[in-house]
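Worksheet: the structure to be examined is printed underneath.
Positions are given from 1, in the same order as the sequence printed here.
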Amino acid sequence: MDSGKNEGSPAAAKARALFGKYVLQLSVGCGRSVCSNNLCATGGTKRSKAEAFVETVALMKEVGEEGLCPLVRDLETEREQERERERERERERLRKDAVSQREIRELLSICKATESYTPLVRRLGTVFCD
């Protein structure tokens, strides 16, 4: 069915994120004491989750992202930045832990010369054990 493909599309993901932001803003608020946005629970009227769901559909059609408070609007951006930082930390960890074929050959030469495989076992242990 085609709807399954649409649910995973970037546009669908953006719509889900916008929906969630509006529900959060309408029912919980942005938390800024100086908020004057009447579409925010902090600056305007706090809505129940059910009221927020109903109102969100209309807001998405009428005002899009323009009705969002800056803190709520940037919420997803901050989450994505944190996810990217985490991915970079993981890539860095993998780079540090990687063992090249050259390194294995060098370690094997040392092990054969010393008749001890301890250096190889230790190095592999740093890669495969936490």
By salt bridge (charged side-chain N to carboxylate O under 4.0 Å, His left out) - contacts of Glu90 (at least two apart): Arg93
Test side-chain contact (heavy atoms from CB on, under 4.5 Å) applied to Ile104 - qualifying residues, sequence neighbours left out: Val99, Leu108, Leu120, Leu124
Can you tell me how far OG of Ser9 sits from NZ of Lys14, rounded to the nearest 0.5 angstrom? 11.5 Å
Tell me if the CZ atom of Arg102 is crowded by more than 12 foreign heavy atoms within 6.0 Å. no
Side chains of Leu18 and Leu68 in contact at under 4.5 Å (non-hydrogen atoms): yes
For the residue pair Pro119 and Cys111, establish whether any side-chain heavy-atom pair is separated by less than 4.5 Å. yes
Nearest-0.5 Å distance that lies between atom OH in Tyr22 and atom SG in Cys69: 9.5 Å
If you look only at distance, which donor and acceptor atoms sit under 3.5 Å apart when one is on a side chain in residues 54-66 and the other is two or more places apart or in another chain?
| unit_1 | atom_1 | unit_2 | atom_2 | d |
| --- | --- | --- | --- | --- |
| Glu55 | OE1 | Arg47 | NE | 3.0 |
| Glu55 | OE2 | Arg47 | NH2 | 3.1 |
| Thr56 | OG1 | Ala52 | O | 2.6 |

Can you check side-chain contact (heavy atoms from CB on, under 4.5 Å) on Glu51 and Leu26, steps first, answer last? CA-CA 9 Å; Glu51 291 169 330; Leu26 293 168; over 6 Å; no
Please identify each residue that fulfils side-chain contact (heavy atoms from CB on, under 4.5 Å) with Arg122, with sequence neighbours left out. Thr118
Return the set of residues passing side-chain contact (heavy atoms from CB on, under 4.5 Å) with Ser109 (not counting sequence neighbours), or none when no residue passes. none
Using the test ring pair (Phe, Tyr, Trp, His ring centres under 6.0 Å), find all partners of Phe19 that sit at least two apart in sequence or belong to another chain. Phe53
Got a sec, which residues hit salt bridge (charged side-chain N to carboxylate O under 4.0 Å, His left out) with Glu103, two or more places apart in sequence or on another chain? Arg123
Show me the donor-acceptor pairs, under 3.5 Å and distance only, between side chains in residues 34-45 and residues at least two apart or in other chains.
| unit_1 | atom_1 | unit_2 | atom_2 | d |
| --- | --- | --- | --- | --- |
| Asn37 | OD1 | Leu39 | N | 2.7 |
| Asn37 | ND2 | Gly67 | O | 2.9 |
| Thr42 | OG1 | Cys30 | N | 3.1 |
| Thr42 | OG1 | Gly31 | N | 3.0 |

